[in-house]
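Everything below concerns the one structure shown next.
All ligand and atom numbering here is 1-based and tracks the order in the structure. Treat the numbers as computed from the prediction; the structure is a model and nothing was measured.
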Amino acid sequence: MNEFADSSTPQRHPWPDAAGRYGAFGGRYVPETLMLALGQLEAAYAEVKTDATFQNTLEDYWKHYVGRPTPLYFARRFTEHLGGAKVYFKREDLAHTGAHKINNALGQCLLAKRMGKGRVIAETGAGQHGVATATACALLGLKCQVYMGAEDIERQKLNVFRMRLLGAEVISVASGSKTLKDAINEALRDWASSVEDTHYCLGTVHGPHPFPMICRDFQSVIGREARRQVYEMEGRLPDLLIACVGGGSNALGLFYDFLGDTAVRMVGVEAGGTSLAPGMHAARFAGGAMGMLQGAMSYVLQDTFGQIGSTHSVSAGLDYASVGPEHAFLHDSGRVEYTHASDQEALDAFQSCSRLEGIIPALESSHALAHAMKVVPGLPKEQVVIVNLSGRGDKDVQQAAHFILAGEEI
Ligand SMILES: *Cc1c(COP(=O)(O)O)cnc(C)c1O
């Protein structure tokens with residue numbers, strides 16, 4: 001093996017431990033009725049992880065159906081505009097269905113099929129994970145039902161119609177705040193009594209063990225490719241990785257294979273909303289505290305009584321009160337830095353990227369771009385930065401127009 005091949009081999013970190021914990025975070029805080037389902041999923045996943053047939057089938061779908069590897073693209077005009085380090089975009093926006101979510105949805109649906117389960121349920125907030133799961137189910141001939149808050153169904157009509165077109169049934173959840181956390185509760189409730197024939201396809205690196213680990217592993221294809229690609233193009237490791245953090249799956253997907261490279265800095269960007277006052281943002285590391293939500297211990301936005309705090313972001317995919325437990329661990333250990341970008345900063349980056357590169361980014365990804373715009377001008381020209389472009393912004397043009405054109409109709 002030459003030096004190149006040697007240094008391009010990632011050092012894996014050992015988390016989670018056997019109890020599904022990342023230090024003080026993670027775990028499996030669920031009712032007794034769900035323990036069976038989670039244990040069965042953990043065992044089935046352990047089997048396919050080293051099963052060549054399963055992994056080859058998944059690789060094959062990634063290549064021929066999703067369009068992987070997605071390009072690592074040198075953003076020349078964006079770089080020149082900022083006048084500092086070289087900026088590359090990892091183009092998850094070019095994956096089928098327009099975002100990274102398909103990586104995990106396809107992996108989990110393939111796992112469901114392997115487990116002999118003909119029905120898949122999922123939760124969705126903005127509808128992106130619902131669309132990705134409905135897509136994977138159509139591809140694999142599985143029955144798909146998606147739980148979605150009644151409020152979100154009203155706000156995201158286009159994605160609701162997409163899911164229906166793809167043959168999925170969208171189930172309206174009218175309890176609580178009628179949004180994502182209520183949809184997750186309903187999906188877990190369903191699963192507790194349907195585990196016999198049903199897989200619950202959870203959409204990010206959150207929830208009870210083994211979900212955060214499974215989702216991370218499926219998304220880690222992003223960083224695995226980026227690592228190889230940056231070696232091909234620059235002959236070395238990058239200096240800085242930047243990704244937005246909702247639940248945290250696209251960020252962990254990019255970061256994971258670089259965690260052992262201490263010289264590679266990583267920044268996760270949360271939704272700063274309109275201000276850091278309670279209820280105006282979703283920056284869990286800036287305004288949250290340790291707490292339990294949806295079956296895992298992590299950072300949670302909450303009031304002094306431990307009630308879940310309300311959140312706001314211009315970007316629906318980042319608008320959530322908690323963050324994946326592995327991020328909580330990486331935050332406390334200091335390995336990854338976390339910051340936030342405001343609604344306005346994200347909207348500015350959304351426009352800059354569109355005009356400079358001819359790429360309309362998702363509003364979620366625009367938070368990562370906004371942070372790049374802040375720090376890249378201060379970095380030496382020989383440094384290399386990779387921004388994860390988690391999705392394309394076609395879904396967001398209406399929302400963006402509302403702000404950018406001050407409500408003018410498009
Ligand atoms: C859902 C979504 C996100 C946020 O989810 P993560 O699990 O944090 O990646 C980010 N970008 C896009 C385009 C999304 O659809």
Verdict with reasoning, Phe89 to Phe74, per ring pair (Phe, Tyr, Trp, His ring centres under 6.0 Å): CA-CA 6 Å; Phe89 294 164; Phe74 172 47; 9.5 Å; no

Do me a favour and list the nearest non-hydrogen protein atom to atom 6 (P) of ligand 1 with residue, atom name and distance? Ser249 N, 3.3 Å

Taking only non-hydrogen atoms of His206, do any sit less than 4.0 angstrom from ligand 1? no

How close does the nearest protein non-hydrogen atom get to atom 10 (C) of ligand 1, and which residue and atom is it? Glu364 CB, 3.4 Å

Counting neighbours of CD1 on Ile360 that are heavy atoms of other residues, nucleotides or ligands and sit closer than 6.0 Å, is the number greater than 12? no

Looking at Tyr231, does the NZ or CZ of Arg236 lie under 6.0 angstrom from its six-membered ring centre and within 45 degrees of the ring axis? no

Would Lys374 and Glu345 pass as an ion pair if we require N to O under 4.0 Å? yes

Polar proximity ligand 1 side, Lys101 side, N/O cut 3.5 Å exclusive: yes

Element-labelled atoms of ligand 1 that are located less than 4.0 Å from some non-hydrogen atom of Cys244: 10 (C)

Please could you name the atoms of ligand 1 that Ala362 approaches to less than 4.0 Å, counting only its heavy atoms? 13 (C)

Compute the centroid of each ring, for Tyr65 and then for His96, and state whether the two points are separated by less than 6.0 Å. yes

Could you tell me, atom by atom, which parts of ligand 1 come under 4.0 Å of a heavy atom of Gln128? 15 (O)

By number and element, which atoms of ligand 1 are closer than 4.0 Å to a non-hydrogen atom of Gly391? 13 (C)

Ligand 1 to Gly246, heavy atom cutoff 4.0 Å, flagged ligand atoms 8 (O)

Between Phe285 and Tyr338, is the gap from one ring center to the other below 6.0 Å? yes

Which ligand 1 atoms does Gly317 reach within 4.0 Å, using its non-hydrogen atoms? 4 (C)

Using modelled atom types only, decide if a donor and an acceptor are shared between the side chain of Asp51 and the backbone of Phe54 within a distance under 3.5 Å. yes

Glu92 contact mode with ligand 1 (heavy-atom cut-off under 4.0 Å): neither

Neighbour count above 12 (heavy atom, 6.0 Å) for Gln55 CD: yes

Do any nitrogen or oxygen atoms of Gly248 come within less than 3.5 Å of a nitrogen or oxygen of ligand 1? yes

Tell me, please: is Ala251 in heavy-atom contact with ligand 1, that is, under 4.0 Å? no

Rounded to the nearest 0.5 Å, what separation is found between the CD atom of Glu357 and the OG1 atom of Thr79? 7.0 Å

Under 3.5 Å, N or O to N or O, is Ser390 touching ligand 1 that way? yes

Subset of ligand 1 atoms that lie under 4.0 Å from at least one heavy atom of Asn250: 6 (P), 8 (O), 9 (O), 10 (C)

Mind checking whether His13 and Tyr256 have ring centres under 6.0 Å apart? yes

